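All ligand and atom numbering here is 1-based and tracks the order in the structure. If you read the sequence from its start, that first residue is 1, and numbering goes on from there. Here the structure is a predicted model, which means the values were calculated and not measured.
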Amino acid sequence: VEPSELSSDVVVIGAGPGGCAAAAILKQAGLGVRIIERMRFPRFVIGESLLPHCMDVLKEAGLLEAVKSRGYQLKNGALFVRGTERCSYDFREQHTAGWTWTWQVPRADFDHTLASTVEQMGVPIEWATRVVAAELPPEPGPRWLSIVDEQGTSRRIYARFVIDASGYGRVLPRLLDLEAPSGLPSRTALFSHVEGDRRPVGPDAERIWICIHPRGADLPEGKRGAWLWIIPFSDGRTSVGAVASPTFFDAFPGQGEERLRAILATEPASRDRLGDARFLFAPETLSGYSVSVKRLFGPGFCLVGNATEFLDPVFSSGVTLALESGARAARLAVRELAGEAVSWHTEFVQPMARGIDVFRTFVTRWYDGTLPRLFFSKKQDPLVRAQICSVLAGYVWDDSNPIVRQHATRIPLLAEQVA
Ligand SMILES: Cc1cc2nc3c(=O)[nH]c(=O)nc-3n(C[C@H](O)[C@H](O)[C@H](O)COP(=O)(O)OP(=O)(O)OC[C@H]3O[C@@H](n4cnc5c(N)ncnc54)[C@H](O)[C@@H]3O)c2cc1C
């Protein structure tokens, strides 16, 4: 290694939740680890409603206390709204013996907290530095990344193992030609932060609200389904966003704030809460965010979080999957670098795919109307509610839950029984 070059046992690309969880676990295991992050934090990113299972990973990674100290908005469940109908889940109802609460977090502050805590653990972060090339040969030999800082200075960083947690940067998928299309139809999100949310009183105040927009039902097959999220923060701000196929948005006037206001005004629950709200920034649009990859690992590297696959925001699964995959990848890298033979396929790809597939069924069954039928049915079976609630809490690896084991067949069957 030349004086201008860096080296580390493991290099993590990206300091989002996936990267920070991985780095913290690697560091605790005594490995040398370094993060390369393109931005300077705090930086805005969407994805603010956590699931209770996040708490398990944050605890394992030694990050929970730091997050606790930030005083974020408690989240104790999820409320689904369709016109005047309500379906509220309290995480204490769940089948799994897991966490019954979590937080809703402004991600700029949350991600900054995670990254600062990881730095305090002794993990150096190269801020405002991009990974631009990767040399990861299959045979044993030097592996390195090319990085470029703000001044345009290029360096090499050598590593025994690379974890790509670069989110939508999708660094290794792009550089190694691993990108694949998602099987889900393309959808668009339009979102902002607001002040002046007329918050309800009672337990539903501490839940994410998922409000079905009446006009989503009129869209053609395959484009059906439109909904809004309302995510309250503890500082009085509220995150609001609309998700639907691009066609849905075209039916509303204007752009940005005017358009989002028009969408809110035509869904009663959001209109009641947010009709007079003040927008804190011009709404942003994200489109075609569902993505996938051909492979999750290769010799000397693996992909975690949004650098792998992102489904849909409706069940707030993104950060949970980023944390879980980051933690799993770190544990396996520790064993591999200690000389153990690790099967990335059976110990990483398969378990991640099993969990993601549970959410995939939920997403597909949300948009095709099957889950709303179950949610808003008059016949509510407490056992079924507990099983659904566990998935909503992120416990998608709990094989004692019949809905986790047989999600593909059970959801349509249960919806038929309540029809
Ligand atoms: C509309 C919408 C709503 C969502 N709502 C939710 C929600 O309510 N709850 C939830 O859990 N999830 C939600 N998500 C998903 C969530 O945003 C992501 O799943 C989550 O941020 C993934 O974390 P990550 O660590 O994989 O990546 P990120 O948080 O994206 O972090 C990746 C980091 O890598 C850095 N990076 C990128 N390229 C490079 C490079 N070349 N070199 C170095 N660094 C690089 C980036 O700057 C970034 O800081 C939502 C997503 C969308 C689109």
Side-chain angles (χ1 to χ4, degrees), residues 11-23 34-54 57 75 78 102-108 110-112 114-115 125-134 145-149 157 162-175 182 186-192 208-210 227-231 239-244 283-291 303-327 329 356 359 392 394:
V11 171
V12 176
I13 311 174
C20 284
R34 197 177 271 274
I35 302 181
I36 312 298
E37 168 55 54
R38 181 173 62 180
M39 311 284 283
R40 285 197 184 278
F41 283 14
R43 56 95 176 86
F44 177 84
V45 62
I46 198 64
E48 298 144 332
S49 196
L50 306 185
L51 302 183
H53 177 51
C54 288
V57 183
K75 174 183 172 187
T102 185
W103 292 289
Q104 326 230 47
V105 299
R107 285 285 301 280
F110 176 74
D111 290 21
H112 193 207
L114 297 184
I125 304 183
E126 305 297 319
W127 294 106
T129 300
R130 282 175 305 130
V131 172
V132 294
L145 302 175
S146 236
I147 58 175
V148 181
D149 67 17
I157 177 162
V162 174
I163 294 182
D164 184 2
S166 61
Y168 292 110
R170 299 173 67 71
V171 171
L172 293 186
R174 286 186 213 274
L175 292 174
S182 162
S186 177
R187 294 198 171 84
T188 294
L190 181 66
F191 50 87
S192 185
I208 183 174
W209 283 28
I210 304 285
W227 56 276
L228 290 144
W229 77 71
I230 305 177
I231 299 175
S239 172
V240 58
V243 178
E284 293 190 14
T285 303
L286 270 178
S287 290
Y289 37 72
S290 301
V291 287
L303 316 175
V304 306
N306 262 27
T308 62
E309 174 159 23
F310 179 67
L311 300 170
D312 190 274
V314 65
F315 296 114
S316 309
S317 55
V319 172
T320 304
L321 292 172
L323 289 170
E324 175 71 27
S325 56
I356 292 172
F359 279 121
L392 300 180

Heavy-atom nearest option to [atom], drawn from [options]:
atom: atom 42 (N) of ligand 1; options: Leu321, Leu51, Val131; result: Val131
atom: atom 43 (C) of ligand 1; options: Arg174, Met39, Arg40, Arg38; result: Arg38
atom: atom 32 (C) of ligand 1; options: Ala165, Ala322, Gly14, Cys54; result: Ala165

Any nitrogen or oxygen of [X], side chain or backbone, less than 3.5 Å from one on ligand 1?
X: Asn306; value: yes
X: Val319; value: yes
X: Ile231; value: no
X: Val45; value: no
X: Trp229; value: no

Take every heavy atom of [X], measure it against each atom of ligand 1, and state whether any distance is under 4.0 Å.
X: Gly241; result: no
X: Arg107; result: yes
X: Gln104; result: no
X: Thr129; result: yes
X: Ile13; result: yes

Side chain, backbone, both or neither: which part of [X] comes within less than 4.0 Å of ligand 1 when only heavy atoms are counted?
X: Ala189; result: side chain
X: Ile46; result: both
X: Trp127; result: neither
X: Pro17; result: both

Original post:
Could you state the interatomic distance from CZ (Phe41) to CG (Leu114), rounded to the nearest 0.5 Å?
Top reply: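 Here the interatomic distance stands at 9.0 Å.
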Enumerated ligand 1 atoms positioned under 4.0 Å from heavy atoms of [X]:
X: Ile36; value: 43 (C), 44 (N)
X: Val171; value: 38 (N), 39 (C), 40 (C), 41 (N)
X: Tyr168; value: 53 (C)
X: Gly305; value: 26 (O)

Subject >> Parallel, tilted or perpendicular: ring planes of Phe310 versus Tyr168, cut at 30 and 60 degrees >> reply: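 Ring orientation, 0 to 90° scale: perpendicular.
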**OP:** Would you name the heavy atoms of Thr129 and Ile36 that are closest together and state the gap between them?
**Re:**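 Reported closest heavy-atom pair: O-CG2, 3.3 Å.
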